[in-house]
Amino acid sequence: MRWSRYPINTVKETPSEAEVISHQLMLRAGLIRRLAAGIYTWTPFGLRALRKVEQIIREEMDRAGALEVLMPAVQPAELWQESGRWEQYGPELLRLKDRHQRDFVIGPTHEEVITDLARRELKSYRQLPVNFYQIQLKFRDEIRPRFGVMRGREFIMKDAYSFHLDQASLQEGYDLMRDAYVRMFTRMGLEFRPVKADTGSIGGTASEEFQVLADSGEDAIAVSDGADQYAANLELAPALPPSDRRPTATSSMQKVATPGQKTIEDVAAFLKVPTQRTVKLLMVEGSEGGVVALAIRGDHELNAIKAQKLPGVASPLRMASREAVLATTGCEPGFLGPVDLKCPLYADHAALALADFVCGANEVDHHLTSVNWGRDLPEPTATDLRNVAEGDPSPGGSGQLRIRRGIEVGHIFQLGRKYSEAMQATVLDEAGKPIVMFMGCYGIGVTRIVAAAIEQNHDAAGIIWPEPIAPFTVVLVPLNANKSEKVRALSEQLYATLQQAGVDVLLDDRDARPGVKFADAELMGIPHRLVISDRGIDSGNLEYRHRRASANEEWPADEVVNRLIAAHPKA
RNA sequence: CGGGAUGUAGCUCAGCCUGGUAGAGCACUACGUUCGGGACGUAGGAGUCGGAGGUUCAAAUCCUCUCAUCCCGACCA
């Protein structure tokens with residue numbers, strides 16, 4: 001492509017709507033343009049990167065034996081009513097009517113459509129296993145779209161659905177997809193981790209997310225630094241019970257006045273004890289009405305996913321109202337404690353490991369010190385209630401957990417029979433008996449990957465594309481081509497040669513000053529830059545610089561073509 | 001959907017408090033100079049001041065309503 005014929009400008013100033021770096025750089029480089037909240041146009045340069053991501057996905061899906069399909073973005077409501085998700089999905093599902101007042105949705109996902117296809121086409125166990133995938137536009141009417149293309153409402157997703165006769169086959173298909181995902185993200189040059197994940201609303205059993213590590217990521221993940229390679233979403237990572245036995249009590253319980261000291265930090269500072277020696281009590285709504293108390297160590301965070309799975313606790317988790325707390329304890333939040341409670345109590349393992357701890361007295365402006373489980377109150381039910389913390393032992397068996405941020409770019413599930421059962425997707429087995437198929441589903445946020453790659457690969461000057469997904473592999477920068485015939489001639493010749501060799505090459509033939517060209521090439525993040533100047537031609541060496549390098553290299557003029565061809569990524 | 005903020009030229013923003021002829025920088029057009037790290041000069045084009053209503057002799061500025069966008073809480077690829 002010739003830059004002089006490309007009508008979309010880069011900008012120096014950061015658009016005020018962009019908060020994260022990838023969004024800023026994508027707008028500044030002119031990769032995307034916003035049309036409405038969470039809805040973007042991909043410009044030619046941006047689209048090139050997007051297409052490369054898609055192509056890698058396609059190649060690896062095909063390699064894994066999956067079959068590409070393209071399902072409709074607009075889907076009839078009947079299918080959603082059949083699966084029950086017409087009611088379940090809520091306002092995130094964009095619903096519309098056609099001219100005959102028939103209900104439709106713009107698909108946020110395609111389980112219903114694929115299951116419908118499967119039940120029509122798949123009749124025999126002989127046809128299994130099979131995996132269908134597509135790369136398709138989705139629409140989810142997010143409460144709060146943000147971060148540009150990272151959390152858009154309209155986005156491109158690769159979704160795949162596999163069908164199996166039994167659980168063992170599903171496991172095989174799942175493992176195959178897991179391997180394919182590892183290959184894809186590796187090929188894209190991303191630093192990522194497969195992490196154990198909650199299955200959330202989609203349901204099912206085993207599930208892993210593929211997280212691209214980036215400080216701006218929306219997900220917290222727990223990663224082991226040990227040999228066990230353990231990695232899990234923070235909301236799922238189990239906090240192991242402490243191995244140390246609880247120390248013996250040394251002093252008797254006392255009530256102390258703590259006027260106005262409502263938070264753990266306040267109380268700990270006021271009483272001059274570390275927060276690790278305190279226990280905080282959180283009151284949540286019970287599943288049958290009433291409230292349930294949860295005790296965790298003062299410095300720990302409650303894990304909502306773990307809590308809402310406890311018997312008697314409402315799911316999704318809701319904090320109890322102030323009125324309910326008052327009614328149960330006779331005390332306001334801020335001074336709650338587990339002693340003499342009149343409601344069910346769960347306590348986190350770490351809280352239970354404490355002796356002589358500080359907690360609320362269930363009396364305004366008072367706390368208790370030197371409280372001991374078993375002595376001052378009955379031993380409550382021990383469970384895992386908290387988020388793991390930096391330095392906790394890894395559940396994988398070796399090493400300690402580190403808390404990192406990640407961008408979820410892929411998620412694979414073993415769905416089991418949830419959808420196939422609801423929609424009667426069966427095949428006949430060897431005995432001629434109908435069997436409800438097992439399903440797996442495997443998603444990738446294609447548009448999000450582009451943002452994630454930038455999030456992970458940039459510097460002060462701009463984007464640094466991993467080469468396999470760069471819009472262009474090479475940028476040729478002629479200097480003063482308008483004055484120098486030989487610069488112009490060599491640039492054209494190199495451009496033609498590289499193009500013929502299949503290299504994605506961009507010729508910056510704009511009549512612009514060198515500084516502008518360099519700055520734009522760096523903002524755009526093109527991996528290989530070759531400068532064509534009179535100086536270089538006269539010396540026989542052309543100036544080359546890799547986007548990640550800090551200094552130039554001199555390349556003999558007669559070798560540049562071969563070296564650049566060699567640099568172009570191969571599939 | 002709650003809480004906070006912002007809407008003025010394509011972009012970044014000033015002007016609003018204290019009402020009186022709509023501004024700057026970047027970008028764009030023309031010409032000249034310049035030409036290895038986002039040049040300079042001259043001239044120019046470009047805005048229903050988000051929209052509607054009100055107050056006033058007079059509204060970008062004050063008031064009311066409305067729409068949109070962004071940020072903090074909720075979901076997920």
Side-chain angles (χ1 to χ4, degrees), chain A residues 7-20 23-24 27-28 30 33-39 53 57 88-93 108-110 135-160 181 197-202 207 209-212 217-219 233 235 304 316-319 406-413 441-452 461-462 477-484 487 510-523 529 531-536 543 545 552:
Chain A
I8 294 172
N9 283 339
T10 58
V11 294
K12 271 183 265 190
E13 274 148 327
T14 302
S16 56
E17 73 191 68
E19 203 192 359
V20 295
H23 190 195
Q24 293 172 0
L27 288 171
R28 285 188 52 207
R33 289 289 183 248
R34 195 185 73 95
L35 182 65
I39 301 179
V53 170
I57 293 171
Q88 279 171 27
Y89 225 92
E92 205 174 282
L93 180 64
T109 174
H110 283 72
I135 296 174
Q136 165 67 298
L137 212 57
K138 305 271 196 253
F139 192 95
R140 294 184 190 171
D141 203 351
E142 297 274 350
I143 300 169
R144 189 147 89 86
R146 59 183 146 175
F147 304 150
V149 105
M150 194 117 90
R151 177 171 292 281
R153 291 194 291 173
E154 185 182 276
F155 58 99
I156 294 173
M157 182 170 165
K158 187 285 303 178
D159 48 328
Y181 274 38
D198 188 63
T199 51
S201 59
I202 296 181
S207 169
E209 292 167 349
F210 287 76
Q211 295 273 359
V212 167
E218 293 186 86
D219 290 340
N233 197 300
E235 60 191 21
L317 191 75
R318 288 183 302 271
M319 297 308 288
I407 300 165
E408 184 186 353
V409 294
H411 201 157
I412 58 179
F413 298 86
C441 99
Y442 319 92
I444 292 181
V446 181
T447 34
R448 179 180 282 184
I449 286 174
V450 177
V477 183
L479 299 185
N480 289 315
N482 55 333
K483 289 243 180 80
S484 167
V487 166
R510 295 175 298 176
D511 181 17
R513 299 166 65 85
V516 172
K517 294 188 177 189
F518 293 148
D520 274 349
E522 282 158 13
L523 174 61
R529 182 181 82 192
V531 175
I532 298 109
S533 65
D534 279 318
R535 202 163 79 191
E543 182 181 300
R545 183 138 148 193
N552 297 325

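Naming: A, B, ... by sequence-line order, numbering from 1 per chain.
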Item to check | Is_stacked (A:Phe518, B:rG36) at 5.5 Å, 30 deg | outcome: no
Checklist entry - Is A:Asp520 side chain donor-acceptor paired with the B:rG38 base, going by distance under 3.5 Å alone? => result yes
Item to check | Derivation and outcome, salt bridge (charged side-chain N to carboxylate O under 4.0 Å, His left out), residues A:Glu19 and A:Arg146 | outcome: CA-CA 9 Å; A:Glu19 203 192 359; A:Arg146 59 183 146 175; over 6 Å; no
Checklist entry - Does the side chain of A:Arg146 get closer than 4.0 angstrom to OP1 or OP2 of B:rC70 through an N or O atom? => result no
Item to check | Donor-acceptor under 3.5 Å (A:Lys517 side chain, A:Pro478 main chain) | outcome: yes
Next on the checklist: Distance check, C1' atoms only: B:rG45 and B:rA27, in whole angstrom units.
Outcome noted: 13 Å
Next on the checklist: Working note: A:Arg34 + A:Glu17, criterion salt bridge (charged side-chain N to carboxylate O under 4.0 Å, His left out); need CA distance, chi angles, decisive distance, verdict.
Outcome noted: CA-CA 10 Å; A:Arg34 195 185 73 95; A:Glu17 73 191 68; 3.7 Å; yes
Next on the checklist: Starting the side chain at C-beta, find the nucleotide from B:rC70, B:rA77, B:rC26 nearest to A:Met157.
Outcome noted: B:rA77
Checklist entry - Could a donor-acceptor pair under 3.5 angstrom be found where the side chain of A:Arg529 meets the base of B:rG37? => result yes
Next on the checklist: With a cut-off of less than 4.0 Å, is there a side-chain N or O of A:Asn480 near OP1 or OP2 of B:rG36?
Outcome noted: yes
Checklist entry - Between the side-chain atoms of A:Arg151 and the base atoms of B:rC76, is any donor-acceptor pair under 3.5 Å? => result yes
Next on the checklist: Checking base pairs now: Watson-Crick or wobble, both atom distances under 3.5 Å. What partners B:rG41?
Outcome noted: B:rC31
Item to check | Worked verdict on A:Glu522 versus A:Arg529 for salt bridge (charged side-chain N to carboxylate O under 4.0 Å, His left out) | outcome: CA-CA 9 Å; A:Glu522 282 158 13; A:Arg529 182 181 82 192; 3.0 Å; yes
Checklist entry - Given B:rC11, is OP1 or OP2 found less than 4.0 Å from the side-chain N or O atoms of A:Thr14? => result no
Item to check | Polar side-chain contact A:Asp219-B:rC76 base: donor and acceptor under 3.5 Å | outcome: yes
